[in-house]
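Quick notes on the structure that follows.
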Amino acid sequence: MTTATADAWAIPPATALLVLSDGTVIEGQGLGAEGEAVAEVCFNTAITGYQEILTDPSYAGQIVTFTFPHVGNVGANEDDIETLSMASASGVRGTVLKADVTSPSNYRAARRFDEWLKARGIIGISGIDTRALTARIRDLGVPNAVIAHNPEGKFDIEALKAKAAAWPGLEGMDLAKDVTSGQSQGWTQTPWVWDEGYGEQQNKEFNVVAIDYGVKRNILRLLADAGCKVTVVPAETPADEILAMSPDGVFLSNGPGDPAATGTYSVATIQALVDKGLPVFGICLGHQMLALALGGKTMKMHQGHHGANHPVFDHTTGKVEITSMNHGFAVDKESLPENVEETHVSLFDGTNCGIRLKGKPVFSVQYHPEASPGPRDSHYLFQRFTEVMREAKQASA
């Protein structure tokens with residue numbers, strides 16, 4: 001065997017580790033930011049949208065394992081970032097990949113994916129059998145772990161094991177306060193159009209206050225596109241300040257962490273808004289907290305739902321939607337009071353995916369209707385929100 005052939009088959013030393021809370025050590029090659037971070041490990045089954053996923057504030061406190069083997073091959077750009085603040089980190093702690101990152105092959109790419117990860121402060125590890133890790137999560141549930149990247153391959157493995165084992169996990173954590181807006185701000189950008197880019201809002205029929213628990217940009221774009229003058233407010237904004245803005249409706253955004261923990265300050269606000277008869281629309285964490293405000297309960301899931309091909313049945317239309325999901329907690333449907341109707345249900349496992357308050361213009365869904373995972377099956381929900389606001393305005397005229 002020649003030297004060149006031997007080098008081609010040589011196994012490079014590990015420059016990154018994923019150390020699970022049970023002591024399992026998984027070796028790979030580091031990319032992105034250097035250092036270490038402790039978080040919960042989940043898996044995402046989407047085959048597109050990795051940049052949007054890694055800038056979704058709902059992933060704060062998590063390490064995302066991509067089941068699709070080739071991630072990063074279309075590079076990264078500034079248009080596909082979802083976190084509201086372009087400059088700040090979105091909260092995701094790390095990412096786990098199967099294949100090494102290649103040079104980008106897309107006309108929209110502005111930089112290599114690994115360079116973009118480094119700039120965003122996200123630690124990456126590649127060369128991992130992501131199928132085996134996914135199967136482990138499926139069978140045993142989401143583990144806590146430390147992801148570490150050192151280009152010289154120097155690690156204190158026992159210290160990393162201890163750190164992973166000591167981390168308490170996401171239950172009881174209010175992470176919305178870490179990713180919410182620092183101050184109120186308006187939003188006027190509309191959805192991206194091929195060869196034109198993002199648009200600017202023209203129609204402002206409704207005054208909507210969006211409570212930011214970790215909102216995604218494309219949600220705000222679709223609200224603006226539906227004719228909503230959007231004002232984004234921080235997560236802890238009290239009800240009297242929101243009511244002083246004279247909104248036609250209130251939107252409850254997605255976000256990370258345990259909804260019960262965020263609910264310690266948000267539930268009272270949501271209850272006050274509902275009691276005023278305002279139209280309310282919630283997505284993801286906003287859905288869970290609306291359920292809490294209406295008397296329901298939430299629960300931690302075994303592995304969560306993270307992907308872009310989740311079928312959901314809509315009882316109100318009799319149709320099945322293919323949806324994008326990202327949540328590790330769910331509403332306990334058995335806890336919902338009689339005046340709250342289940343409107344949507346997951347066809348994967350039967351968990352709750354939507355509710356509405358009987359007799360009032362108040363509803364929410366667990367999934368992400370703005371994400372458009374191929375089809376745009378769920379965009380009607382934004383029109384449903386504008387319809388109930390229009391009916392409420394006419395009734396009060």
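In what follows, residues are counted from 1 in the order of the sequence shown.
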What pairs of donor and acceptor atoms, side-chain ones from residues 236-244 against any protein atom, are under 3.5 angstrom apart with sequence neighbours left out?
unit_1 : atom_1 : unit_2 : atom_2 : d
Thr237 : OG1    : Pro234 : O      : 2.7

Going by an N to O cut-off under 4.0 Å, is there a salt bridge joining Arg356 and Glu341?
-> yes
Given Thr190 and Asp225, is the side-chain hydrogen bond (donor to acceptor under 3.5 Å, both in side chains) satisfied, shown in steps?
-> CA-CA 5 Å; Thr190 54; Asp225 195 50; 5.0 Å; no
Under the salt bridge (charged side-chain N to carboxylate O under 4.0 Å, His left out) test, residues paired with Lys358 that sit two or more places apart = none
Please lay out, stage by stage, how Ile147 and Ile125 fare under the test side chain to side chain contact (heavy atoms under 4.5 Å, CB included).
-> CA-CA 8 Å; Ile147 186 170; Ile125 182 172; 3.8 Å; yes
How about Thr316 and Arg384: does a side-chain donor come under 3.5 Å of a side-chain acceptor?
-> yes
In chain order, what residues pass the side chain to side chain donor-acceptor pair (under 3.5 Å) check against Glu52, with sequence neighbours excluded?
-> none
Does the pair Arg376/Glu370 count as a salt bridge with the N-to-O cut at 4.0 Å?
-> no
Report yes or no: do Asp100 and Ser126 form a side-chain donor-acceptor pair below 3.5 Å?
-> yes
Could you verify whether a donor N or O on one side chain and an acceptor N or O on the other, from Thr55 and Arg120, lie under 3.5 Å apart?
-> no
Spell out, as yes or no, whether a donor-acceptor pair under 3.5 Å connects the side chain of Asn144 to the backbone of Val41.
-> no
Please say which of His310, His305, Gln288 ends up in a side-chain hydrogen bond (donor to acceptor under 3.5 Å, both in side chains) with Gln366.
-> Gln288
Cys228 vs Thr386, side chain to side chain contact (heavy atoms under 4.5 Å, CB included): CA-CA, chis, key distance, verdict = CA-CA 8 Å; Cys228 301; Thr386 58; 4.1 Å; yes
So which residues get pulled into Tyr107's cluster when ILVMFWY side chains under 4.5 Å apart are joined, directly or through others?
-> Trp192, Trp194, Tyr198
Summary of ring-ring contact (aromatic ring centres under 6.0 Å, His included) pairs that have at least one residue in residues 245-269, sequence neighbours excluded | Phe251-Phe281
NE2 of His70: more than 12 outside heavy atoms within 6.0 angstrom?
-> no
I would like to know whether Asp314 and Tyr380 meet side-chain hydrogen bond (donor to acceptor under 3.5 Å, both in side chains); could you show each step before the answer?
-> CA-CA 12 Å; Asp314 182 351; Tyr380 70 93; 2.7 Å; yes
Short N-O contact, Arg390 and Glu205, less than 4.0 angstrom = yes
Assign the ring pair His315 / Phe313 to parallel, tilted or perpendicular, where the plane angle (0 to 90°) is split at 30° and 60°.
-> perpendicular
When every non-hydrogen atom of Thr343 is compared with those of Ser364, the smallest separation belongs to OG1-O, 4.5 Å
Within 6.0 Å of CZ in Arg108, more than 12 heavy atoms from elsewhere | yes
Kindly check if the number of other-residue, nucleotide or ligand heavy atoms within 6.0 Å of NZ (Lys229) is above 12?
-> no
Go through the steps to decide whether Leu160 and Glu36 satisfy the test side chain to side chain contact (heavy atoms under 4.5 Å, CB included), and finish with yes or no.
-> CA-CA 9 Å; Leu160 295 176; Glu36 61 185 52; 3.3 Å; yes
Main-chain N/O of Gly30 paired to Thr15 side chain as donor or acceptor, under 3.5 Å = yes
Ion pair present between Arg136 and Asp22, side-chain N to carboxylate O less than 4.0 angstrom?
-> yes
Start with the C-alpha distance between Tyr50 and Phe68, add both sets of side-chain angles, then the distance that settles ring-ring contact (aromatic ring centres under 6.0 Å, His included), and finish with yes or no.
-> CA-CA 10 Å; Tyr50 55 78; Phe68 187 68; 9.4 Å; no
Going through the checks in order, is the side chain to side chain contact (heavy atoms under 4.5 Å, CB included) test met by Tyr367 and Glu321?
-> CA-CA 10 Å; Tyr367 51 94; Glu321 305 163 41; 2.9 Å; yes
Search all heavy atoms of His149 against all heavy atoms of Ala33 and return the closest pair with its distance.
-> ND1-O, 2.9 Å
Could you walk me through whether Asn352 and Glu342 pass side-chain hydrogen bond (donor to acceptor under 3.5 Å, both in side chains), step by step?
-> CA-CA 7 Å; Asn352 174 266; Glu342 181 178 65; 3.0 Å; yes
Quick note, salt bridge (charged side-chain N to carboxylate O under 4.0 Å, His left out) partners involving residues 145-160, not counting sequence neighbours, are Glu152-Lys154, Glu158-Lys161
Within a radius of less than 6.0 Å around NZ of Lys393, do more than 12 heavy atoms belonging to other residues, nucleotides or ligands occur?
-> yes
